[in-house]
Amino acid sequence: MSFSQSHPGYTPAEIMTIEASRRLKDGTVCFVGIGLPSAAANLARLTHAPDVVLIYESGTIGAKPDILPLSIGDGELAEFADTVVSVPEIFRYWLQGGHVDIGFLGAAQVDRYGNINSTIIGSDYAKPKVRLPGAGGAPEIASNAKETWIIIKQSLRTFVEKVDFLTSVGHYEGGDSRARSGARGAGPTAVITDLGVLTPDPTTKELVLSALHPGVSVEQARAATGWDLKIANLIKDTAPPTQLELVTLRDLHSRTAKAHGITLAPD
Amino acid sequence: MPLADAVRRHVKDGQTLALEGFTHLIPTAAGHEIIRQKRRNLTLIRMTPDIVYDQMIGMGCASSLEFSWGGNPGVGSLHRFRDAIQNGWPNAVTISEHSHADMAGRYQAGASGLPFSVLRGYVGSDLPKHNPNIKSITCPFTGEVLAATPAINPDVTIIHAQKADRKGNVLIHGIIGIQKEAVLAAKAAIVTVEEVVEDLEAPMNSCVLPHWVLAAVCEVPMGAHPSYAHGYYDRDNAFCKEWEVISRDRDRFLEWMNAHVLGTPNHAQFLAYAGIR
């Protein structure tokens, strides 16, 4: 855990997770990706949103894990879920059937229209520079949930002008191209990073920096973005973490590390 | 039936094979037996290829792979899978890449006796550009354009479950993933189970696969290690992390596989050799 002078008392990863969790309203049905989305969604459940409904693609509906799952199919998710269904059922009836409010995803790369890459790094599909795990459930989560959130660390490596591979659609080519492509839902309505929050311009759908975490400058956000980042007229300041948020998140992480006997991938 | 006999009888070179399990109940022991019997040129299908497919690919069993997410869950990449795709080691492996929703639908189509699956999927995605098996179809009623992909009907599906009765009826519970569909879609299905019991004591509506849809049922305790079997044992996270180190290097990988898998005659001996439980 490293603290910089501009982030007294908490890390950029913590404020990112906490800010994402604050957005999740109680009672929302959230289809949760593993890793950062799962940490943020469970933090919300353990603080202000006890009745948030967490769905994982392994088929668990209303999951209430006491520790963060290492994988999408951990027994912890099934044990305390309202119900456990098969994988075809979760995707067909619950996601495609239109029951998901928020699709909450991570990504390896995101572009200016919120399109996601989780397939390859490099320009040649047959000979990738880096072979990533692949699509998983993301393409259909991104095109069937009522809206999508993306949580990702912001850097020149992750925030690219154009994704190397478009795995899961965001606002596609901007404007009304998403709707014309046949995707349902509003697409990415927020991209939450370790520096701030980006939201789409209502018309062009290009991601615009609309909030900054405490102590982060516009210049820092620009320097970590691979395109000419537009800045909202009124830029909001994210509130610093409350004691309750920080303690709850850290407890969750320490319970998780203890239970798994290993440290989770760094967030 | 001993697992070795079931694999010898049903699994042949060149077949299309699905070893399914969605991070839970992964049929690792069966994968090891296929490696021991040196099956080659297999088309491996799995939604979430992980350690056991990494091992099968690295030991040269596979010539192609159909999948939707390949990784060591919670740990990182599959190094043998990556080495095969990026460098053709130990042999070239072609890939056919889908999404989870699509793979699930393709198994359902296979289990339903339909030639293809239809879904609201791949909208805007680059995946159809690289996979000729992802096509589209126009709904004859609404005119909507939807994704269409071929059904999956494996020659053999292998799954792991909690228990079977003496007749060979199988009970599976917890995260059941795609196992039922994968079994019903296959020409032949093998199930390994934690234990054989007198009575399944299956609650109504629980997932029971009747013996008459299964080609073989084999009792293999801890047959899903390092994955988990709900109600029996947890995932061996320490091993999953260790696999990251073992699999990174070709020589270290081969040394490990030779000692642990090829060097042991069956799963019980493997577990004993590896010092597991």
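Lettering follows sequence order; numbering is per chain, from 1.
- Looking at I178(B) and S86(A), their side chains never come closer than 4.5 Å, going by heavy atoms from C-beta outward.
- Defined by atom type and a distance below 3.5 Å, a donor-acceptor pair is present between the side-chain atoms of H230(B) and E79(A).
- Distance alone, capped at 3.5 Å, is enough to place a donor-acceptor pair between the S125(B) side chain and the L166(A) backbone.
- Rounding to the nearest 0.5 Å gives a distance of 8.5 Å between NE2 of H100(B) and CD1 of I141(A).
- For F81(B), the part lying near chain A is the side chain, with the backbone staying farther off; criterion is any non-hydrogen pair under 4.5 Å.
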Problem - Trace of the side chain to side chain contact (heavy atoms under 4.5 Å, CB included) decision for Y125(A) with N131(B) - result: CA-CA 11 Å; Y125(A) 178 73; N131(B) 188 340; over 6 Å; no
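- Looking at heavy atoms from C-beta onward, H173(B) lies out of side-chain contact with V84(A) at the 4.5 angstrom threshold.
- Here D102(B) contributes atom CG and F91(A) contributes atom CZ; the two are 10.5 Å apart, rounded to the nearest 0.5 Å.
- Note: T119(A) OG1 to D126(B) CG = 8.0 Å, rounded to the nearest 0.5 Å.
- Note on H24(B), K129(B), E144(B), R82(B): by heavy-atom pairs under 4.5 Å with chain A, the leading option is R82(B).
- For S71(A) against P73(B), the heavy-atom pair with the smallest separation is CB-CB, 3.3 Å.
- Electrostatic pairing of R235(B) and E76(A) does not count as a salt bridge here, judged by no charged N lying under 4.0 Å from a carboxylate O.
- Sparse packing is recorded around NZ of K180(B), with 12 or fewer heavy atoms of other residues, nucleotides or ligands lying under 6.0 Å away.
- Contact count against chain A (heavy-atom pairs under 4.5 Å) is highest for G105(B) among G71(B), G105(B), S77(B), C240(B).
- Most heavy-atom pairs under 4.5 Å with chain A, from the set Q179(B), E181(B), H130(B): that is H130(B).
- Residue contact with chain B, scored on non-hydrogen atoms closer than 4.5 Å, involves the side chain of R184(A) exclusively.
- A donor-acceptor contact shorter than 3.5 Å is absent between the side chain of Q96(A) and the backbone of L119(B).
- Proximity to chain A is limited to the backbone of H98(B), based on heavy atoms less than 4.5 angstrom apart.
- Surrounding CZ of R157(A) are at most 12 heavy atoms belonging to other residues, nucleotides or ligands under 6.0 Å away.
- A donor-acceptor contact shorter than 3.5 Å is absent between the side chain of S68(B) and the backbone of G136(A).
- If you measure heavy-atom distances from S58(A) to chain B, the contacts under 4.5 Å come from both the backbone and the side chain.
- Atom CZ of R131(A) sits about 14.5 Å away from atom CG of D83(B), to the nearest 0.5 Å.
- Of the listed residues (V163(A), V87(A), I34(A)), the one with the most heavy-atom contacts under 4.5 Å to chain B is V87(A).
- Within the 4.5 angstrom heavy-atom criterion, atoms from both the backbone and the side chain of Q86(B) approach chain A.
- No donor-acceptor distance shorter than 3.5 angstrom exists from the side chain of Y172(A) to the backbone of G124(B), with no hydrogens or angles considered.
- With hydrogens and angles disregarded, a donor-acceptor distance shorter than 3.5 Å links the side chain of T23(B) to the backbone of G73(A).
- Ranked by non-hydrogen atom pairs under 4.5 Å with chain A, the options F67(B), Y122(B), F22(B) are led by F22(B).
- Smallest separation of non-hydrogen atoms from I175(B) and A78(A): CG1-CB, 3.8 Å.
- In this structure, chain B has heavy atoms under 4.5 Å from both the backbone and the side chain of P133(A).
- Both the backbone and the side chain of D74(A) come within contact range of chain B, with heavy atoms under 4.5 Å apart.
- Looking at M103(B), there are no atoms closer than 4.5 Å to chain A (heavy atoms on both sides), in backbone or side chain.
- Looking at V130(A), the atoms closer than 4.5 Å to chain B (heavy atoms on both sides) sit in the backbone and in the side chain alike.
- Using a 4.5 Å cut-off between heavy atoms, T60(A) touches chain B through its side chain atoms alone.
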